[in-house]
Amino acid sequence: MFVSRSRKRSIDWATSEQKDPFRKKIKDEECNQEMVKEAMKQEEDSNLIEFLQPFPWQKIEAEGLDCDYALLFSKEEADHLYTKLEEEVVYLTGDETKVKVFGKVFNVPRKLATYGDTGLSYTYSGVSHQASQWTPTLKYIRDVVTKATGKTFNFVLINRYKNGQDQMGEHRDDERELDPLCPIASLSLGAARDFVFRHQEARGKRSRRQIKPVKLELAHGSLLLMNSPTNTYWYHSLPARKRVLTPRINLTFRHILQDGKK
DNA sequence: TCCTGGACATTTTA
DNA sequence: CTAAAATGTCCAGG
């Protein structure tokens, strides 16, 4: 079990914009892009220093795999964010929730939503999703993730697993529109779930190599950073866990390249 | 033993 | 060549 305490952070966040200087700074972004770029850079630097010492990251490494894991939110904060997201997030319905695998169309065994900057869309397994506008809570979480990582994100894919029967099959996030140098930041809220990485060359009966899977548990309020080149060599999945009876909401923050279309 | 769930490999095209 | 799905087989543990 991973023991750590997340940093103390004011919990009266969403209600009062003035109390959070970072949110104020984000508002300025809409006025002056140049100034904001500077401000963000300085923000990143100061936050890097601020978080370097007290923030307890756990490094997860294997051949071609590079991840960082930390408890980003305390139990109380995570509970609150979970509740807010249950109120705010609108999940896709109908054809938007279908996926094409081995030529057949299926409904995904979970609920999906996509939020991000205006005009962004994300495509995988034959289905494209337009990003909805950031909600206040998603914006807040995005900014905390930025503070903690020093990276910026313009998109978030939300997966909601209603219980341990909902799952995600093995795959890589190897879409062209993803910025390969920006890590994918995966925030977990709700039920803890196992998460499994398997090396591409260790899959299948005739696999050439025997590389052990990397398994971890994603806790309530935790953040997992999947750094380059993890997604080049490793598949990941969220396997079914029948004994899990409560929901998990997963937010994967990404950086999507506008013009990097296929 | 029986039952369940987990770890895989397989599938061959809305 | 790949595949964000479901399904079947095998096996360990209770």
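Just so it is clear: chains get the letters A, B, ... in the order the sequence lines come, proteins before strands, and each one is counted from 1.
Distance CZ (A:Arg243) to C1' (B:dC3): 12 Å, rounded to an integer number of Å. Rounded to whole angstrom, the span from the CD atom of A:Glu201 across to the P atom of C:dT2 amounts to 12 Å. Spacing between atom NE2 of A:His236 and atom P of C:dA5 amounts to 11 Å, rounded to whole angstrom units. Following rounding to the nearest Å, A:Lys100 (NZ) and C:dT2 (P) show an atom-to-atom distance of 17 Å. Atom CD in A:Glu217 sits about 13 Å away from atom P in B:dG6, given to the nearest Å. Rounded to whole Å, atom C1' of B:dA7 lies 10 Å from atom CD of A:Glu170. Nucleotide C:dT7 holds its C1' atom 11 Å from the CD atom of A:Gln167, rounded to whole Å. Atom pair A:Arg176:CZ and C:dA3:P shows a separation of 13 Å (rounding to whole Å applied).
At a cut-off of 3.5 Å, with distance as the only test, a side-chain donor of A:Glu175 or A:Tyr122 sits close to an acceptor on the other residue. In the model, A:Gln133 has a side-chain atom that pairs as donor or acceptor with a side-chain atom of A:Thr118 under 3.5 Å.
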Between the protein and nucleotides 9-12 of chain B, list the N/O to N/O atom pairs that are separated by less than 3.5 angstrom.
unit_1 : atom_1 : unit_2   : atom_2 : d
B:dA9  : OP1    : A:Gly204 : O      : 3.4
B:dA9  : OP2    : A:Arg198 : NH2    : 2.6
B:dA9  : OP2    : A:Gly204 : N      : 3.1

Do any N or O atoms of the protein come closer than 3.5 Å to N or O atoms of nucleotides 11-14 of chain C, and which pairs are they?
none

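Side-chain atoms of A:Pro213 lie closest to B:dC8 of the nucleotides B:dC8, B:dA14, C:dA5. Among B:dG5, C:dA5, B:dA14, the nucleotide with an atom closest to any side-chain atom of A:Val105 is B:dA14. With distances taken from any side-chain atom of A:Lys242 to the nucleotides B:dC8, C:dA5, B:dG5, the minimum falls on B:dG5. Listed nucleotides C:dA6, B:dA7, C:dA3 differ in distance to A:Val101; the shortest reach to its side chain belongs to C:dA3. The side chain of A:Asp174 approaches C:dA3 more closely than any other nucleotide in the set B:dG5, C:dA5, C:dA3. Taking the side chain of A:Arg172 as heavy atoms from C-beta on, and the options C:dA6, B:dA14, C:dA3, the nearest nucleotide is C:dA3.
Remark: A:Tyr124 OH is packed, more than 12 non-hydrogen atoms of other residues, nucleotides or ligands lying under 6.0 Å away. More than 12 heavy atoms of other residues, nucleotides or ligands lie within 6.0 Å of CD in A:Glu87, so this atom counts as buried by the packing criterion. No more than 12 heavy atoms of other residues, nucleotides or ligands lie within 6.0 Å of NZ in A:Lys104, so this atom counts as exposed by the packing criterion.
A:Gln58 CD to A:Leu216 CG: the interatomic distance, rounded to the nearest 0.5 Å, is 8.0 Å.
For A:Arg254 and A:Glu177, the salt-bridge test fails: no basic side-chain N is under 4.0 Å from an acidic carboxylate O. The pair A:Asp79-A:Lys75 counts as a salt bridge, with a side-chain nitrogen and a carboxylate oxygen less than 4.0 angstrom apart.
Across all strands, A:Pro239 comes closer than 4.0 Å to no nucleic acid atom at all (heavy-atom distances). Among the heavy atoms of the strands lying under 4.0 Å from A:Asp173 is at least one base atom, whether or not backbone atoms are also near. Across all strands, A:Gln165 comes closer than 4.0 Å to no nucleic acid atom at all (heavy-atom distances). Across all strands, A:Lys98 comes closer than 4.0 Å to no nucleic acid atom at all (heavy-atom distances).
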**Item:** Criterion side chain to side chain donor-acceptor pair (under 3.5 Å) on A:Arg142 and A:Tyr115, from CA distance to verdict
**Value:** CA-CA 11 Å; A:Arg142 180 198 65 188; A:Tyr115 287 81; over 6 Å; no
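A:Arg206 is linked by a salt bridge (charged side-chain N to carboxylate O under 4.0 Å, His left out) to nothing, counting only residues two or more places apart in sequence or in another chain. Partners of A:Asp66 under the salt bridge (charged side-chain N to carboxylate O under 4.0 Å, His left out) rule, at least two apart in sequence or in another chain, are A:Lys59. When the salt bridge (charged side-chain N to carboxylate O under 4.0 Å, His left out) test is applied to A:Asp117, no partner is found at least two apart in sequence or on another chain.
Looking at which nucleotide of DNA chain C each of A:Gly103 and A:Asn107 is closest to, the 5′-most match is held by A:Gly103.
Counting heavy atoms from C-beta outward, A:Asp174 and A:Tyr235 have side chains that stay 4.5 Å or more apart.
Here A:Tyr124 does not reach the OP1 or OP2 of C:dA3: none of its side-chain N or O atoms lies under 4.0 Å away.
Secondary structure note: stems in DNA chain B built from 3 or more consecutive Watson-Crick or G-U wobble pairs under 3.5 Å occupy B:2-11 with C:5-14.
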